[in-house]
Amino acid sequence: MRIASFNINGVKARLPRLLEWLEERRPAIACLQEIKSQDETFPTKEFEAIGYHVETHGQKGFNGVALLTDGEAAENVVRGLPGDPDDVQSRFIEADVKGIHIVNLYLPNGNPLPGPKFDYKLAWMERLSIRLTELRASEKPTVVVGDFNVIPEDKDVWSVAAMKDDALMQPQSRDAYRTLLNDGWTDAIDTLNPRGGVWTFWDYQAGAWQRDHGFRIDHLLLSPECADRLEGAGVDKEYRGREKASDHAPVWVELRD
DNA sequence: ATGCCTCAATTGTTGAGA
């Protein structure tokens with residue numbers, strides 16, 4: 001079973017590219033981030049027409065996540081990360097589908113720093129840690145995917161010097177990500193590519209794609225129940241080079257049935 | 001140097017992204 005995550009940078013701007021990717025790669029579960037759409041205006045019918053059920057958690061203008069499931073609807077859908085009733089940003093959705101508990105998240109970027117955006121990022125990661133610990137304790141097969149906006153280690157970025165002041169690779173961001181993993185999650189792409197050099201994002205600016213100036217911030221975390229089934233994981237890099245591409249490429253993990 | 005590009009909300013320009 002293939003589970004994929006794709007920061008699409010606007011569902012309406014990306015719709016032809018997105019339908020093309022779904023039909024070519026046919027993930028059983030596709031988790032989208034940065035849909036930049038409200039729930040009411042999400043192009044649900046277009047996805048249903050090619051056999052996907054749709055659950056969204058959107059808002060006006062930016063952010064927003066969606067869960068697309070091939071052939072069957074997700075159950076027990078919960079929207080929003082617990083822990084802060086004042087947080088109005090749509091960045092988190094979880095559900096049960098195909099015997100898996102799936103978590104789809106869009107973690108705050110955190111730039112510029114220091115400042116309220118970086119504080120929000122770190123607070124969000126603390127809330128996430130609490131929720132993921134609960135899910136680990138449940139011992140249900142769980143997969144946590146999304147745009148984490150964290151470059152885990154120096155091997156995950158084309159230039160440490162160029163990015164050293166960025167929120168994505170501050171020690172606090174990395175420590176918080178490491179804390180999450182230490183609870184027993186397996187970073188699927190890292191496990192299969194221990195030497196690094198795998199990118200999931202290339203900036204639109206300064207010819208980053210052409211120069212392969214990228215980094216790895218989209219992650220797929222497996223609970224032990226799922227890590228035992230890990231068959232493969234990777235990046236659908238070619239989609240970053242197509243017309244009207246997102247600045248992220250899709251990432252995927254294949255689990256044995 | 002804090003832009004270089006892209007998207008959304010709007011229709012000229014700003015905020016956000018990473």
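Per chain, numbering begins at 1; letters A, B, ... match sequence-line order.
As judged by a 4.0 angstrom heavy-atom cut-off over every strand, A:Asn7 is placed among residues touching the sugar-phosphate backbone only. Within the 4.0 angstrom heavy-atom criterion, no nucleotide atom of any strand lies near A:Arg17. Nucleic acid contact for A:Lys117: sugar-phosphate only, since backbone atoms but no base atoms lie under 4.0 Å from a heavy atom of the residue. Counting any heavy atom pair closer than 4.0 Å across all strands shown, A:Ala206 reaches a base atom. As judged by a 4.0 angstrom heavy-atom cut-off over every strand, A:Asp166 is placed among residues making no nucleic acid contact. Within 4.0 Å (heavy atoms only), A:Asp247 reaches no atom of the nucleic acid at all. When heavy atoms are screened at a 4.0 angstrom cut-off, A:Asp165 is found touching no nucleic acid atom at all.
Across the C1' atoms, B:dT13 and B:dA1 are found 22 Å apart, a figure rounded to whole Å. Comparing the P positions of B:dC4 and B:dT14 gives a spacing of 13 Å, expressed to the nearest Å.
In this structure, A:Met163 atom CE and B:dG17 atom C1' are separated by 12 Å, rounded to whole Å. The CG-P distance, from A:Leu107 to B:dA18, rounds to 10 Å in whole Å. Atom P of nucleotide B:dT6 and atom CD of A:Gln205 are separated by 9 Å, given to the nearest angstrom. The distance between atom CG of A:Leu168 and atom P of B:dA18, rounded to the nearest whole Å, is 8 Å. Protein atom CG of A:Asp218 is 15 Å distant from nucleotide atom P of B:dG17, rounded to whole Å. Rounded to whole Å, the distance from CZ on A:Phe118 to C1' on B:dA16 is 18 Å. The distance between atom CZ of A:Phe201 and atom P of B:dG17, rounded to the nearest whole Å, is 12 Å. Separating the CD atom of A:Glu40 from the P atom of B:dA9 is a distance of 12 Å, rounded to the nearest angstrom.
Between A:Arg256 and A:Asp228 there is no salt bridge, since no side-chain nitrogen of the basic residue lies less than 4.0 Å from a carboxylate oxygen of the acidic one. Salt-bridge check for A:Arg79 with A:Glu94: failed, with every basic side-chain N at 4.0 Å or more from each acidic carboxylate O.
For A:His248 and B:dG17, the shortest distance from a side-chain N or O to OP1 or OP2 is not below 4.0 Å. For B:dA8, the OP1/OP2 oxygens have no side-chain nitrogen or oxygen of A:Arg14 closer than 4.0 Å. For the pair A:Asn149 and B:dA18, the criterion of a side-chain N or O lying under 4.0 Å from OP1 or OP2 is met. One finds a side-chain N or O of A:Tyr106 lying less than 4.0 angstrom from the OP1 or OP2 phosphate oxygen of B:dA18. Taking side-chain N and O atoms only, A:Lys36 has no distance below 4.0 Å to OP1 or OP2 of B:dT6.
Cation-pi geometry between A:Arg2 and A:Trp252 is met: the NZ or CZ atom falls under 6.0 Å from the ring centre, inside 45° of the normal.
Distance check: A:Met169 CE to A:Tyr177 OH gives 15.0 Å after rounding to the nearest 0.5 Å.
Taking 4.5 Å as the limit, every side-chain heavy atom of A:Pro112 sits out of range of all side-chain heavy atoms of A:Phe118.
Closest-nucleotide positions on DNA chain B for A:Glu34 and A:Gly61 were compared, and the one nearer the 5' end corresponds to A:Gly61. Toward the 5' end of DNA chain B, the nearer of the two residues A:Ala245 and A:Lys60, judged by each one's closest nucleotide, is A:Ala245.
Among residues two or more places apart in sequence or in another chain, the salt bridge (Lys or Arg N to Asp or Glu O under 4.0 Å) test is passed with A:Asp166 by none.
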